[in-house]
Participant: 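Encoded as structure tokens, here's the structure I'll be asking about.
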Amino acid sequence: MAERLTIPGFVNAHSHAFQRALRGRTEGGDFWAWRDAMLDLAEAQTPERVRTEYEAVYREMRAAGYTAVGEFHYLGLDEALAALEAAEAAGIAFVLLYVAYARGGIERFRQATAAEYLQQLELLRERGMSVGLAPHSVRACPPDWLEQIGSYAREHSLPLHVHADEQPREVEECIEEHGVTPIELLDKAGCLGPHTTVVHATHAADRELDLLADAGARICACLTTEANLGDGFLPVERVCDRSLGLCIGSDSNVRIDPLEELRELEGIARRRTLRRNVVSPDTLLSIGSDEGAAALGLAEWADVEVDLSHPSLAGIDESDAFSALVFGCSADVFI
């Protein structure tokens with residue numbers, strides 16, 4: 001067998017690079033306790049810190065087989081430019097998913113109006129940055145903001161990414177305030193379409209998955225983070241039944257390993273259905289690369305090389321290489 005195998009690079013469609021600094025520091029509390037620690041960390045970010053620490057995180061991603069990243073960014077304009085510089089230095093393709101935040105969080109996340117948010121986005125586009133729109137969540141953006149952001153994304157053919165249905169409490173609060181679930185609210189506000197990626201959808205009901213399928217939207221599963229935070233299980237088999245697009249993200253960066261994300265995706269499906277090969281190895285690799293690129297609006301991104309002489313692949317026939325890669329290897333198999 002040849003010593004190297006070239007495959008499309010993996011695409012990390014959802015990252016909060018600054019959260020890498022929380023790795024190992026916040027175990028023991030629930031999601032909301034983790035969120036408090038995350039907000040404290042976010043408050044301390046500066047352009048200089050972003051430039052230095054993000055480059056290290058992006059180099060870790062690059063070494064793990066990711067060759068493109070979508071950075072879900074809510075730390076400010078100067079920090080956005082620093083993140084781009086960090087990505088360029090690390091040699092990873094970069095799309096800034098610039099976050100709209102009307103309420104909640106901390107002050108540095110927020111814009112006064114949706115118009116101000118769109119003006120900031122325009123400034124980044126004028127700098128030549130590849131961007132997508134990112135209303136943080138239905139917690140953070142009221143319906144009138146969602147309507148304006150959805151309209152802009154459609155008009156300019158830009159990606160739109162949004163957190164939804166990650167936690168039961170989020171769903172309950174949305175129903176209490178708006179009388180509908182988060183994905184139903186996104187649909188009513190005109191935010192769903194082929195350009196839309198819903199991040200998590202962990203607790204999406206069948207009717208919400210139907211809305212995503214009807215709109216041609218996709219889901220970004222962030223499986224190692226969802227496991228770490230105790231979010232729950234993505235209903236993988238119900239997503240597949242609807243032929244919904246799926247991509248992956250390292251999210252909090254508690255782990256940076258695309259193979260682990262993909263293995264967990266199929267592992268959840270197997271546990272829930274009590275059968276194997278719910279998502280084939282070829283499909284999993286496409287989820288890790290092509291689907292993520294489509295979610296970010298990328299036409300090109302770098303390949304990666306697999307070290308076929310790695311001990312994890314010892315004794316493997318070339319015809320079984322993809323299966324062995326997904327189910328038997330970690331990110332250290334990439335050269």
Side-chain angles (χ1 to χ4, degrees), residues 12-23 25-26 34-62 66 68-137 139-141 145 149 152 158-163 199 220 222 225 249-254 256 296-298:
N12 187 350
H14 188 76
S15 166
H16 302 277
F18 79 92
Q19 294 177 16
R20 166 66 175 80
L22 292 175
R23 186 184 291 181
R25 289 177 46 200
T26 57
W34 171 89
R35 184 173 181 270
D36 288 340
M38 180 274 291
L39 293 176
D40 289 342
L41 179 64
E43 188 69 81
Q45 299 303 302
T46 64
E48 295 76 20
R49 184 170 178 178
V50 166
R51 174 62 183 83
T52 300
E53 295 183 7
Y54 278 37
E55 181 179 343
V57 176
Y58 293 151
R59 288 190 182 278
E60 185 177 353
M61 290 180 192
R62 195 67 178 80
Y66 287 117
V69 62
E71 184 64 34
F72 201 90
H73 178 85
Y74 39 64
L75 298 176
L77 287 170
D78 290 340
E79 288 78 5
L81 297 172
L84 173 61
E85 290 181 6
E88 291 175 342
I92 193 167
F94 181 83
V95 177
L96 187 85
L97 302 168
Y98 191 64
V99 174
Y101 226 115
R103 59 187 186 178
I106 56 178
E107 184 176 355
R108 72 177 301 167
F109 294 175
R110 298 191 291 266
Q111 299 89 14
T113 63
E116 180 187 342
Y117 164 74
L118 294 174
Q119 289 170 358
Q120 292 174 353
L121 188 82
E122 290 279 4
L123 288 173
L124 295 170
R125 296 183 70 194
E126 290 170 4
R127 297 290 293 266
M129 190 178 293
S130 296
V131 300
L133 291 94
H136 179 274
S137 58
R139 295 195 316 274
C141 291
W145 280 51
I149 292 167
Y152 187 98
L158 290 172
L160 187 155
H161 288 226
V162 56
H163 294 116
V199 183
C220 182
C222 305
T225 292
S250 65
D251 196 357
S252 71
N253 295 296
V254 66
I256 297 177
L296 297 178
L298 286 174

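Values below: all heavy atoms of this structure, side chains included; hydrogens, waters and symmetry mates excluded.
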Participant: Among residues at least two apart in sequence or on other chains, which ones pass side chain to side chain contact (heavy atoms under 4.5 Å, CB included) with Leu298?
Facilitator: Ala68, Val95, Ala293, Leu296

Participant: Considering only heavy atoms from C-beta outward, does the side chain of Val254 approach that of Leu22 to under 4.5 Å?
Facilitator: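 A side-chain contact under 4.5 Å is absent here.
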
Participant: What's the separation between atom CG in Leu75 and atom CD in Glu43, rounded to the nearest 0.5 Å?
Facilitator: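 The CG atom of Leu75 sits 10.0 Å away from the CD atom of Glu43.
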
Participant: Quick one: are the ring centres of His16 and His14 less than 6.0 Å apart?
Facilitator: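 Ring-ring flag for His16/His14: true, centres closer than 6.0 Å.
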
Participant: Among all residues two or more places apart in sequence or in another chain, which pass the side chain to side chain contact (heavy atoms under 4.5 Å, CB included) test with Ala114?
Facilitator: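 For Ala114, the residues satisfying side chain to side chain contact (heavy atoms under 4.5 Å, CB included) (neighbours in sequence not counted) are Trp145, Gln148.
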
Participant: Taking only residues two or more places apart in sequence, or in another chain, which ones meet Thr113 in a side chain to side chain contact (heavy atoms under 4.5 Å, CB included)?
Facilitator: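 Thr113 satisfies side chain to side chain contact (heavy atoms under 4.5 Å, CB included) with Ala115, Glu116 only.
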
Participant: Of the options Leu160, Leu121, Val162, which is the one that meets Ile149 in a side-chain contact (heavy atoms from CB on, under 4.5 Å)?
Facilitator: Leu160

Participant: Let me confirm one number: the OG1-CH2 distance from Thr225 to Trp34, rounded to the nearest 0.5 Å.
Facilitator: 7.5 Å

Participant: State, with a plain yes or no, whether a side-chain heavy atom of Met38 is found less than 4.5 Å away from one of Gln19.
Facilitator: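 Side chain of Met38 against side chain of Gln19, heavy atoms only: contact under 4.5 Å found.
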
Participant: Could you name each residue pair satisfying side chain to side chain donor-acceptor pair (under 3.5 Å) that touches residues 90-100, not counting sequence neighbours?
Facilitator: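 Every pair satisfying side chain to side chain donor-acceptor pair (under 3.5 Å) with a residue in residues 90-100: Tyr98-Gln120.
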
Participant: Can you pull the salt bridge (Lys or Arg N to Asp or Glu O under 4.0 Å) pairs that have at least one residue in residues 123-135, sequence neighbours excluded?
Facilitator: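 Those involving residues 123-135 do not exist here.
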
Participant: Between atom CG of Leu96 and atom CG of Leu133, what is the distance when rounded to the nearest 0.5 Å?
Facilitator: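 One gets 10.5 Å once the value is rounded to the nearest 0.5 Å.
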
Participant: Does the ring center of His136 lie less than 6.0 Å from the ring center of Phe109?
Facilitator: no

Participant: Less than 4.5 Å apart, any side-chain heavy atom of Leu84 and any of Ser130?
Facilitator: no

Participant: Suppose the criterion is salt bridge (Lys or Arg N to Asp or Glu O under 4.0 Å): which pairs have a residue in residues 68-96, not counting sequence neighbours?
Facilitator: Arg51-Glu85, Glu79-Arg108

